[in-house]
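Below, chains carry the letters A, B, ... as their sequence lines are ordered, and counting in each starts from 1.
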Amino acid sequence: MKFYYELKHICKQSNARYGVLHTPHGDVETPIFMPVGTLATVKTVSPEELYAMNAQIILSNTYHCWLRPGEKVIANAGGLHGFMHYQRPMLTDSGGFQVFSLAKNRKISEEGVTFKSHLDGSTLFLSPEKSIEIQNKLGADIIMSFDECPPYPCDYEYMKNSIERTLRWAKRGKEAHHNDNQALFGIIQGGEFKDLREYSAIETVKLDFDGYAIGGTSVGESKPVMYKMIEDAIPYIPKNKPRYLMGVGTPEDILEGVLRGIDMFDCVLPTRIARHGAIMTSTGKINIRDKKYEYDLSSLDSQCHCYTCQNYTKSYLRHLYKCDEAFGKRLLSIHNLHFLLDLTAQIRKAIQEDRFLDFKKEFLEKYGKGKPTTLVK
RNA sequence: GGGAGAGUAGCGAAGUGGCCAAACGCGGUUGACUGUAAAUCAAUUCCUGAGGGUUCGGCGGUUCAAAUCCGUCCUCUCCCA
């Protein structure tokens, strides 16, 4: 079954859209948050737990799976789905983010990127073709074009050269992609430069991908800059294609993204900060380590229906955290993931009922730190 | 009864005349984390009116200066009887 996106409804109050991604492993309702499972695992959480929290699609990563265990091992097990015992839709990132996050260990050339392995120092070469080839073997439903995620801040000339090269890489990757069961998304870059964002968007769309991502976000820029990056690119992305804001994020950023017409989000934040004791709740972020929860027999969030909140107290979760128990990290990860998944579920409902703006306002008022919300349209 | 050794901040443990309010680790208290080199990193941790004040088992001494040297007492550990 071939991938396609179905736009179902645009909220009458904003650009927020409700739609469905049809993939070989099932449908995904959008807007959606995608938990990140870099090394073929959403850290500490089982597939069954992901199903239970209604995760519809998760991410994995080309670079990391390429290094360990290697794409051959994964292909041998029937791709990521078989390997991980996970049967819902999946997306793999191309390794483009590692061009940013592992910048100290890599060198970019026209041909591709030479990495010095962060594991053993060996020299590795990732090209657009190689990234696609690996992703073909990993077998995710959606794969990403190999790009350079440029640093922030970044000067204009560097950014211009970078996006031109990323466009050439996008073309090469598309030509190397020969699996009709996998959708291929292009990635729009351009940093904070409006003209470069627009140019990158226009040229990437010309290559005709199954969906479009906005990249180079959440790399240190301020929130207004990030929101502007979205606004600069969105008008050039066809309405009948899904839009994916890469590496985002926080509840506020997801709401701001949806407001501007984003359909897909992914972020390590919920799982990472859970392992570090930080918890997202309907009334704001808390840290379970804090002493004030020592005797607190309430759940993390009275509004939450996740497994953790149904069964465990803050007092107990604090104990697990302070003892560095793996079960604590798992329970906190389940909660944070559930929180963002539930947020996107509420968002979808609000959009269908043409009250997304009202929902956004109500949510942020309760969540606190309700940053200034720019109204669009 | 005889002999040897040891007592340092919440705990462990450096320091053995001035550079010591005292390394370091743990523990405690907080903060950060946005396509995961992150079960990580950072701050803080004697009291304080922030000027200082009171500390290194207790007390007394030597010295310009003591956690560090001397005397004495207390406590603990080990060995011999």
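Salt-bridge annotation for A:Glu148 and A:Arg165: present, with a side-chain N of the basic residue lying under 4.0 Å from a carboxylate O of the acidic one. Between A:Lys206 and A:Glu203 there is a salt bridge, with a side-chain nitrogen of the basic residue lying less than 4.0 Å from a carboxylate oxygen of the acidic one. Under 4.0 Å is where a charged nitrogen must lie from a carboxylate oxygen, and between A:Glu192 and A:Lys228 no such pair does.
Taking the salt bridge (Lys or Arg N to Asp or Glu O under 4.0 Å) definition, one finds that A:Asp301 meets it with nothing, sequence neighbours left out.
Protein atom CZ of A:Phe146 is 17 Å distant from nucleotide atom P of B:G35, rounded to whole Å.
The ring pair (Phe, Tyr, Trp, His ring centres under 6.0 Å) with A:Phe146 is formed by just one residue from the set A:Trp66, A:Trp169, A:Phe185; it is A:Trp169.
Side-chain polar atoms of A:Asp141 and A:His81 form a donor-acceptor pair below 3.5 angstrom. For the residue pair A:Tyr316 / A:Asn311, no side-chain donor-acceptor distance below 3.5 Å is found, with atom types taken as modelled.
Note on A:Arg106: nothing from the nucleic acid sits closer than 4.0 angstrom, heavy atoms only. Within the 4.0 angstrom heavy-atom criterion, only backbone atoms of the sugar-phosphate kind lie near A:Leu269; the bases stay farther away.
Near RNA chain B, meaning a heavy atom under 4.0 Å from it, residues 192-209 of chain A has no residue at all.
Contact annotation: A:Lys322 reaches the phosphate of B:G28 (side-chain N/O to OP1 or OP2, under 4.0 Å).
In this structure, A:Tyr51 and A:Tyr86 have tilted ring planes: the angle between them lies in the 30° to 60° band.
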I'd like to compare against my own output: the B/S/- annotation of nucleotides 38-44 of chain B with a strict under-4.0 Å heavy-atom distance to protein.
BBB----

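Comparing B:A9 with B:C80, their P atoms sit 32 Å apart, to the nearest whole Å.
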